[in-house]
Amino acid sequence: MSAPSLGGAIVPRGNGDTVRLPRGASLSDFADRINANPAALVTVLFHLGEMVTATQSVTDETLQLLGAELGYTIQVVSPEDEDRELLDTFDLTFGENEGDDEDLVARPPVVTVMGHVDHGKTRLLDAIRRTQVMEGEAGGITQAIGAYQVIAHTSEGAERPITFIDTPGHEAFTAMRARGANVTDIVILVVAADDGVMPQTVEALNHAQAADVPIVVAVNKIDKEGANPAKIRQQLTEYGLVAEEYGGDTMFVDVSAKQGLGIDDVLEAVLLTADASLDLRANPHQDAQGVAIEAHLDRGRGPVATVLVQRGTLHVGDSIVSGDAFGRVRAMLDETGQQLSEAGPARPVQVLGFTSVPGAGDSFLVVDEDRVARQIAERRQARERNAQLAKSRRRISLDDLDRVLAEGRVEQLNLILKGDGSGSVEALEDALMKIEVGEGEEVSLRVIHRGVGGITEDDVNLATASDAIVIGFNVRPVGRAKEAADREGVEIRYYTVIYQAIEEIEAALKGMLKPEYEEAQLGTAEVREVFRVPRIGNVAGCLVRSGEIRRNTKARLIRDGSVVADNLTVQSLKRFKEDATEVREGYECGIGLGSFNDIKIDDVIETFELREKPRG
């Protein structure tokens, strides 16, 4: 039914009716739901103090405000619900084993190794899979997520596979570690016997417990002087991990990753914990589903994703969609680089064939045909784009304007993040957004774009338009991007260790708070003659004594060692009769200081510029 005029617009009124809208919906989307003219909603919102167009993505708060004014209850659909509804339209489900109980078969446990930095997580994994990942790492930190399957030998002599997810060790990768626990069945918590429980040990423990995952404690470095495994058992009882020998249900294993001691015991403890606490079964006969653990852009092979199959079996040739990326499985490789034709439950494989790079942590599923995969990916892309547009839209009301002017302009540092893997980029962004620069919120940090692969001209163009800095993590510019950056004055920073990026960005943010300037002398010129020029004033005929004199720089006039005038500007600079931009030491020139005419022979003109002083 029609409502009375609201700000001159006739719109249907609701009676508490619920309207479901996706994140980043536009007024046109709202108008379609209530059978209204979008222009009428634009008018209503204008009278509520918001100025938006009919097709512009708006925030959840704006939709709620408009709904309340028109008598509707706005329900913004969560991303999970949107995804569920999207899959329902294609008659697909995710996260469930299909078939009956007899279709389920036992699968290997999926294990994540966690713990404090430098407590030996990478060395333990090295000892388990007999490889040397650590030696190739920058800064001794695991920089990318990988996944591996190893064969464990039980005490009865049986061989059973275990899948390991290799998560990075630096505290900045908290988000990746938390996600690692979500796809994990069991966590191995590594604690150094000579160091004890540290902040990141507790952090890792909290992630595992929040995910309701059983924990096996590996007490590492028992061969070192000062090692006290009993102390570790005692410390961890405070956090709810009680060793079996103390009457609890947590298995503690003493190991030395360096000496290779206790490695088989750790693997057996994982299998015993899995058998005792978990029902690890999956249906290998359905279409494959799982999680993309890591993804990157390979120069020769294109997008490459490491995926963990959670249920079903993945085959070469399957049509696959992961997040907003899709494709057909062209090839599958195991952790040794061997090609596979299929991968069953709990099997990690590298997949080639995606048309773009999936996000780390995105779920994947196999669909019947490429067309369906493309449609799902495109709808997810559109949904994410609308949500980002709504989130990035910044409004300022007249009420705020006075406050912002009174406080001084709000500073914002815009960043574009590019990295070698989506997990690294996501973790770097998560760490940067947690930087605190001091009291108040004078400085804000905004990541306007993130992506996987080399730095492109498009990235440079976006940085130019947004006054952004480009951060390259283990990547370099491709094509003509470097030339474009030099031409446009775009700053590109390169990093291989994540905490260096965090430290430098933090320093830059603190520098934006209160810039400090220092004076840098450019040159001095001695006045040899003074010329009177009609309609211009006095011009000093000078000999440049040191440095160089540049036009439009700051200057001061010195007479007999005393400053006669300060805060002058070199407004004109001539070499004979020709205008010059700069004149170097040993050359003669004519200098005009604008309206300042008190110039005498033997005066010294000193030029300088103010340069920002780096904060200590």
Side-chain angles (χ1 to χ4, degrees), residues 106-116 119-137 141-154 159-170 173 176-191 204 207-208 211 213-218 220 251 253 255 257 260 262-275 277-278 280 282 290-295 305-310 332-338 340 343-351 360-361 421 423:
R107 65 166 179 81
V110 180
V111 178
T112 299
V113 179
M114 294 186 180
H116 189 74
H119 276 201
K121 299 181 297 298
T122 303
R123 195 177 285 277
L124 178 62
L125 280 165
D126 288 345
I128 290 171
R129 62 181 188 263
R130 301 289 184 262
T131 59
Q132 292 299 316
V133 173
M134 194 172 72
E135 289 179 8
E137 291 174 8
I141 296 172
T142 311
Q143 296 286 355
I145 290 182
Y148 315 85
Q149 197 166 73
V150 300
I151 302 298
H153 299 272
T154 65
E159 292 187 350
R160 291 175 58 182
I162 299 175
T163 297
F164 282 88
I165 294 179
D166 180 4
T167 54
H170 192 271
F173 284 38
M176 295 165 76
R177 196 157 53 230
R179 185 178 57 250
N182 291 336
V183 297
T184 298
D185 300 316
I186 294 173
V187 163
I188 296 178
L189 183 66
V190 179
V191 189
H207 284 311
V213 177
I215 296 170
V216 172
V217 180
N220 194 20
M251 294 190 72
V253 183
V255 300
I263 303 302
D264 291 338
D265 296 336
V266 170
L267 298 180
E268 187 169 8
V270 167
L271 294 174
L272 289 171
T273 303
D275 293 343
S277 309
L278 304 168
L280 301 179
V291 176
I293 296 170
E294 173 60 309
T306 302
V307 304
L308 176 70
V309 181
Q310 293 178 304
M332 288 191 296
L333 308 172
D334 67 9
E335 58 272 9
T336 64
Q338 298 295 313
L340 303 175
R347 188 75 174 95
V349 286
Q350 277 198 329
V351 171

Subject >> Over all atoms of both residues, closest heavy-atom pair of Pro108 and Ala346 >> reply: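 Taking Pro108 first and Ala346 second, the nearest heavy atoms are O-CB, 3.4 Å.
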**OP:** Check Gly262 against Val255 and note the closest heavy-atom contact, atom names and distance.
**Re:** O-CG1, 3.4 Å
Working to the nearest 0.5 angstrom, can you tell me the gap between [X] [atom1] and [Y] [atom2]?
{"X": "Ile151", "Y": "Glu159", "atom1": "CD1", "atom2": "CD", "result": "6.5 Å"}
{"X": "Met114", "Y": "Ile215", "atom1": "CE", "atom2": "CD1", "result": "8.5 Å"}
{"X": "Phe164", "Y": "Ile128", "atom1": "CZ", "atom2": "CD1", "result": "4.0 Å"}

Is the shortest heavy-atom distance from the side chain of [X] to the side chain of [Y] under 4.5 Å?
{"X": "Tyr148", "Y": "Thr163", "answer": "no"}
{"X": "Ile293", "Y": "Val307", "answer": "no"}
{"X": "Gln149", "Y": "Glu335", "answer": "yes"}
{"X": "Val349", "Y": "Leu340", "answer": "yes"}
{"X": "Leu124", "Y": "Ile263", "answer": "yes"}
{"X": "Leu271", "Y": "Ile162", "answer": "yes"}
{"X": "Arg347", "Y": "Asp334", "answer": "yes"}
{"X": "Asp185", "Y": "Arg107", "answer": "yes"}

**OP:** Spell out, as yes or no, whether a donor-acceptor pair under 3.5 Å connects the side chain of Asn220 to the backbone of Ala257.
**Re:** yes
Subject >> side-chain contact (heavy atoms from CB on, under 4.5 Å) between Val110 and Leu308, worked out >> reply: CA-CA 9 Å; Val110 180; Leu308 176 70; 3.9 Å; yes
**OP:** Carefully, step by step, assess Ile165 and Val111 under the rule side-chain contact (heavy atoms from CB on, under 4.5 Å).
**Re:** CA-CA 6 Å; Ile165 294 179; Val111 178; over 6 Å; no
Subject >> Worked verdict on Val216 versus Ile186 for side-chain contact (heavy atoms from CB on, under 4.5 Å) >> reply: CA-CA 7 Å; Val216 172; Ile186 294 173; 4.2 Å; yes
Original post:
Who are the side chain to side chain contact (heavy atoms under 4.5 Å, CB included) partners of Glu268, not counting sequence neighbours?
Top reply: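 So Glu268 forms a side chain to side chain contact (heavy atoms under 4.5 Å, CB included) with Ser155, Leu272.
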**OP:** Please say which of Leu278, Val187, Thr184, Val270 ends up in a side chain to side chain contact (heavy atoms under 4.5 Å, CB included) with Pro214.
**Re:**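 Among Leu278, Val187, Thr184, Val270, the one that satisfies the side chain to side chain contact (heavy atoms under 4.5 Å, CB included) with Pro214 is Leu278.
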